[in-house]
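First the proteins, then the strands, lettered A, B, ... as listed; each starts at 1.
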Amino acid sequence: MAVWSVLALLRENPEELKGHVAKRLMDTSIVDLAYQLDVEWRRLQTEINELRHKHNLITRSVAKASSEGERRLLLEEAKGLLKVIEEREARLADVEAKRFEVLNSLPNLVEDDVPVGDENASVPVEFWGVPRVWSGYLEQFRDQVERYGFKVEYELIDWKPRGHADMLEEVLMLGDTVKAGEVAGSRFYYLFDDLVWLDFALLLYAIDKLTSKGYTLVLPPYMLRYKVMRGVVDLGAFRDAIYKVEGEDLYLIATSEHSLAALYYGEEIYDDELPIKLAGISPCFRKEAGAGSRDLKGIFRVHQFHKVEQFVFSKPEDSRKMLEEIIGNAKEMFQELGLPYRIVNIASGDLGAPAAKKYDLEVWMPAQGKYREMVSASNCTDWQSYRLGIRMIRRKGMTREYVHTLNSTAIASTRTITAILENYQEPDGTVVIPKALRKYLEPFEKAPKEYVKPRTPTSKHE
RNA sequence: GCCGGGGUGGCCGAGCGGCCUAAGGCGACGGGCUUGAGACCCGUUGCCCCGUUAGGGGCGCGCGGGUUCGAAUCCCGCCCCCGGCGCCA
């Protein structure tokens with residue numbers, strides 16, 4: 001019998017569940033509420049089952065009634081019982097709806113090795129690469145490294161790199177967020193020529209990498225029904241991230257993770273078919289409603305971008321290992337792209353409700369003097385699979401459990417472009433193209449191969 | 001979008017108001033037989049509730065309502081699939 005781990009803990013040890021919720025800095029009273037509703041739901045169900053049983057016995061005897069009088073008596077009894085059942089059923093429906101809602105607003109459990117606290121409690125666990133650090137940022141660079149007891153070799157530069165937004169619109173002249181803002185709104189963009197080639201080259205690179213590791217390439221739906229979307233994201237995400245199509249029961253995906261998780265909606269997977277590893281490619285649509293004026297310039301935080309995503313359905317006992325695998329794939333890619341990064345173990349208070357543990361890969365941004373998130377890898381254990389009804393059958397014993405799901409960015413195009421624009425910038429504004437991408441540009445006559453050169457401000461774009 | 005035909009357990013497939021407690025088959029799992037495999041035989045094979053166990057009960061035939069003492073079966077709405085027509089990158 002498959003039981004969601006959170007529900008199992010709610011029944012066995014609600015106080016321990018409160019501990020998990022508290023780690024997320026959430027109000028723990030929801031656990032008490034969930035507990036009460038679950039108990040009441042079960043009690044009502046037992047009561048109704050007994051009433052229905054009585055009713056069924058009568059109903060079955062109607063056809064066998066020996067006389068018209070006996071028959072009429074039985075019908076009367078059945079009708080009387082129906083009234084009671086109806087009343088109880090109405091109460092059950094009410095309790096059930098509340099229970100469903102409350103259970104579904106419970107966050108996942110938190111893994112033991114997740115640091116506890118708000119976002120400031122997140123801890124870098126690994127640094128890679130030789131960041132280029134402008135002398136003006138040296139102090140804050142050191143702080144972001146040494147505070148956590150790491151020593152990182154760096155290249156000191158005495159010129160300040162231009163920010164990616166300036167590179168787009170003023171130096172390379174290959175982006176136009178002003179016009180996009182006028183016709184679509186802030187956080188939209190037009191990209192041109194070399195940056196478009198770069199976008200596609202990054203995607204191809206990620207696809208090539210993951211498929212060569214055995215991931216199945218998937219082009220998924222870009223919209224999903226409500227009942228599916230609610231299985232993969234929490235309420236906060238619905239509010240802050242998800243666009244709805246007017247007049248339709250359809251929601252734009254914020255990442256192909258959503259459609260990939262839904263690939264086995266309502267299905268059972270035999271344990272010997274696991275793990276199932278997918279590489280999804282899609283545009284991602286995000287409202288960014290909670291972002292305020294953060295990262296308003298440029299294309300770091302936008303309403304729409306392309307992403308290659310890793311998604312894994314895993315046996316429960318393997319999911320920890322799989323999280324290391326998918327963040328490992330991301331590391332490998334950013335190493336080959338030559339972008340210096342750090343891996344951060346995200347603190348409990350900053351985890352989304354679906355995730356039990358999350359690693360971010362943050363790339364050093366020389367013009368901002370900060371490490372910024374490029375990749376996010378989460379182990380959602382059975383949170384999504386419970387809501388989507390995706391179970392695993394163990395051949396041995398034919399027992400059922402919920403599968404575990406994991407997801408990680410491989411490459412998010414626009415963000416990775418911002419990292420390239422800052423990290424591969426020369427003092428004259430030339431951007432060197434990472435060697436790993438060149439083979440994906442080679443076949444195309446007009447695609448840039450080694451550099452993206454600054455343009456003279458005479459023509460807007462050709 | 002319109003017209004017609006359909007959706008039954010992991011799969012195939014019967015049933016078309018109460019002998020449905022959903023036949024039968026396949027597959028899977030457990031056991032027997034076997035040196036092993038196959039064949040063969042027996043059992044199990046949806047979800048939920050109560051119960052320590054043994055067991056008991058409820059629900060379930062695409063989804064949601066309705067009619068009825070009783071619905072896979074009748075009625076309504078929706079979703080999806082197949083065929084035809086229309087439209088279309």
K.L.:
Could you tell me whether A:K439 and A:D208 have a side-chain N and a carboxylate O separated by less than 4.0 Å?
P.N.:
yes
K.L.:
Mind calculating the distance between OH (A:Y265) and P (B:rC80) to the nearest angstrom?
P.N.:
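In whole Å, B:rC80 P lies 14 Å from A:Y265 OH.
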K.L.:
Just name whichever nucleotide pairs with B:rC19, Watson-Crick or G-U, keeping both distances under 3.5 Å, else none.
P.N.:
none
K.L.:
If I take atom CD in residue A:Q45 and atom P in nucleotide B:rC48, what distance separates them, rounded to the nearest angstrom?
P.N.:
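Interatomic distance, CD of A:Q45 to P of B:rC48: 10 Å.
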K.L.:
May I ask which nucleotide in the shown strands pairs with B:rA28, Watson-Crick or G-U wobble, both distances under 3.5 Å?
P.N.:
B:rU44
K.L.:
If B:rU53 has a Watson-Crick or G-U wobble mate with both distances under 3.5 Å, name it; if not, just say none.
P.N.:
none
K.L.:
In terms of side-chain heavy atoms of A:R225, which of B:rC49, B:rC59, B:rC79 is nearest?
P.N.:
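Among the listed nucleotides, the one closest to the side chain of A:R225 is B:rC79.
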K.L.:
Do the side-chain N or O atoms of A:R394 get closer than 4.0 angstrom to the phosphate oxygens (OP1, OP2) of B:rA28?
P.N.:
no
K.L.:
Output the rounded distance in Å from NZ (A:K227) to C1' (B:rG64).
P.N.:
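That distance rounds to 11 Å.
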K.L.:
For the residue pair A:F305 and A:F285, is the inter-centroid distance of their aromatic rings smaller than 6.0 Å?
P.N.:
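No, the ring centres sit 6.0 Å or more apart.
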K.L.:
Would you indicate whether the side-chain heavy atoms of A:D234 and A:W383 approach each other to under 4.5 Å?
P.N.:
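Side-chain contact under 4.5 Å: yes.
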K.L.:
Which base, if any, makes a Watson-Crick or G-U wobble pair with B:rG9, both distances under 3.5 Å?
P.N.:
none
K.L.:
Would you classify A:R99 as touching base, sugar-phosphate or nothing, given that sugar-phosphate means primed atoms plus P, OP1 and OP2, and contacts are heavy atoms under 4.0 Å?
P.N.:
nothing
K.L.:
Measuring from the side chain of A:R395 (C-beta onward, heavy atoms only), which nucleotide among B:rC47, B:rC69, B:rA28 has the closest atom?
P.N.:
B:rA28
K.L.:
B:rC69 phosphate, OP1 or OP2: any side-chain N/O from A:N56 under 4.0 angstrom?
P.N.:
no
K.L.:
In whole angstrom, what separates A:L92's CG from B:rG57's P?
P.N.:
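Going from CG in A:L92 over to P in B:rG57 covers 20 Å.
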K.L.:
Just checking A:I393: base, sugar-phosphate only, or nothing, at a heavy-atom cut-off of under 4.0 Å?
P.N.:
nothing
K.L.:
For atom P, what is the distance between B:rG38 and B:rA28, given to the nearest Å?
P.N.:
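My reading of the P atoms in B:rG38 and B:rA28 gives 10 Å.
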K.L.:
Rounded to whole angstrom, note down the P distance from B:rC63 over to B:rU8.
P.N.:
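Per the computed distance, 10 Å lies between those P atoms.
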K.L.:
Using whole Å, what does the distance between atom P of nucleotide B:rC59 and atom CZ of A:R52 come to?
P.N.:
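Distance check: A:R52 CZ to B:rC59 P gives 5 Å.
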K.L.:
Between A:L57, A:L51, A:T59, A:I58, which is the residue that forms a side chain to side chain contact (heavy atoms under 4.5 Å, CB included) with A:H55?
P.N.:
A:T59
K.L.:
B:rG57, B:rC69, B:rC49: which one has an atom nearest the side-chain heavy atoms of A:T46?
P.N.:
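Ranking B:rG57, B:rC69, B:rC49 by closest atom to the A:T46 side chain puts B:rC49 first.
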K.L.:
Sticking with atom P, work out how far B:rG60 lies from B:rA71, rounded to a whole angstrom.
P.N.:
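Their P atoms lie roughly 8 Å apart.
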K.L.:
Let's test this: given Watson-Crick or G-U wobble pairing with both distances under 3.5 Å, identify the partner of B:rG77.
P.N.:
B:rC63
K.L.:
Assign each of A:N49 and A:M398 to its nearest nucleotide of RNA chain B by heavy atoms, then name whichever residue's nucleotide is nearer the 5' end.
P.N.:
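Taking each residue's closest nucleotide, the earlier one in sequence belongs to A:M398.
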K.L.:
For the side chain of A:W41, starting at C-beta, report the closest nucleotide among B:rG58, B:rC49, B:rG46.
P.N.:
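Closest nucleotide to the A:W41 side chain: B:rC49.
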K.L.:
Can you tell me the distance, in whole Å, between the CD atom of A:E267 and the P atom of B:rG46?
P.N.:
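After rounding, the reported distance stands at 17 Å.
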K.L.:
Using the C1' atom on both, measure B:rG56 against B:rU67 and round to a whole Å.
P.N.:
32 Å
K.L.:
What is the distance from NE2 of A:H55 to P of B:rU68, rounded to the nearest Å?
P.N.:
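My rounded result for the distance is 12 Å.
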K.L.:
Considering only B:rG70, B:rC59, B:rC50, which nucleotide approaches the side chain of A:R42 most closely?
P.N.:
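Minimum distance to the A:R42 side chain belongs to B:rC50.
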K.L.:
Can you tell me how far P in B:rC47 sits from the matching atom in B:rC42, rounded to whole Å?
P.N.:
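Per the computed distance, 26 Å lies between those P atoms.
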K.L.:
Could you go step by step and tell me if A:T381 and A:N108 meet the side-chain hydrogen bond (donor to acceptor under 3.5 Å, both in side chains) rule?
P.N.:
CA-CA 8 Å; A:T381 64; A:N108 203 342; 2.7 Å; yes
K.L.:
Could you tell me the separation between the CD atom of A:E47 and the P atom of B:rG58, rounded to a whole number of Å?
P.N.:
16 Å
K.L.:
Do A:W197 and A:F444 have ring centroids that are under 6.0 Å from one another?
P.N.:
yes
K.L.:
Which base, if any, makes a Watson-Crick or G-U wobble pair with B:rC2, both distances under 3.5 Å?
P.N.:
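Checking every strand shown, B:rC2 finds its partner in B:rG84, with both distances under 3.5 Å.
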K.L.:
Check for me whether the distance between the ring centres of A:F311 and A:F313 falls short of 6.0 Å.
P.N.:
yes
K.L.:
Taking the same atom, P, in B:rC40 and in B:rG57, what whole-Å distance lies between them?
P.N.:
35 Å
K.L.:
If you check every side-chain atom of A:Y270, which of B:rC49, B:rG70, B:rA28 has the closest atom?
P.N.:
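Looking only at heavy atoms from C-beta outward on A:Y270, the closest nucleotide is B:rA28.
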K.L.:
Keeping A:S385 on the side-chain end and A:V403 on the backbone end, is there a donor-acceptor pair under 3.5 Å?
P.N.:
yes
K.L.:
Take atom P in B:rG9 and the same atom in B:rC61, then report the distance between them in whole Å.
P.N.:
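About 10 Å, rounded to a whole number of Å.
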K.L.:
With respect to the side chain of A:E268, which nucleotide from B:rG10, B:rA28, B:rC69 is positioned closest?
P.N.:
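Looking only at heavy atoms from C-beta outward on A:E268, the closest nucleotide is B:rG10.
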K.L.:
Identify whether any heavy atom of A:R391 sits under 4.0 Å from a base atom; if not, whether one sits that close to sugar-phosphate; answer base, sugar-phosphate or nothing.
P.N.:
sugar-phosphate
K.L.:
Expressed in whole Å, how much space separates the C1' atoms belonging to B:rG15 and B:rA22?
P.N.:
8 Å
K.L.:
Scan every strand shown for a Watson-Crick or G-U wobble partner of B:rG38, both distances under 3.5 Å, and answer none if you come up empty.
P.N.:
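Matched B:rG38 with nothing under the 3.5 Å cut-off.
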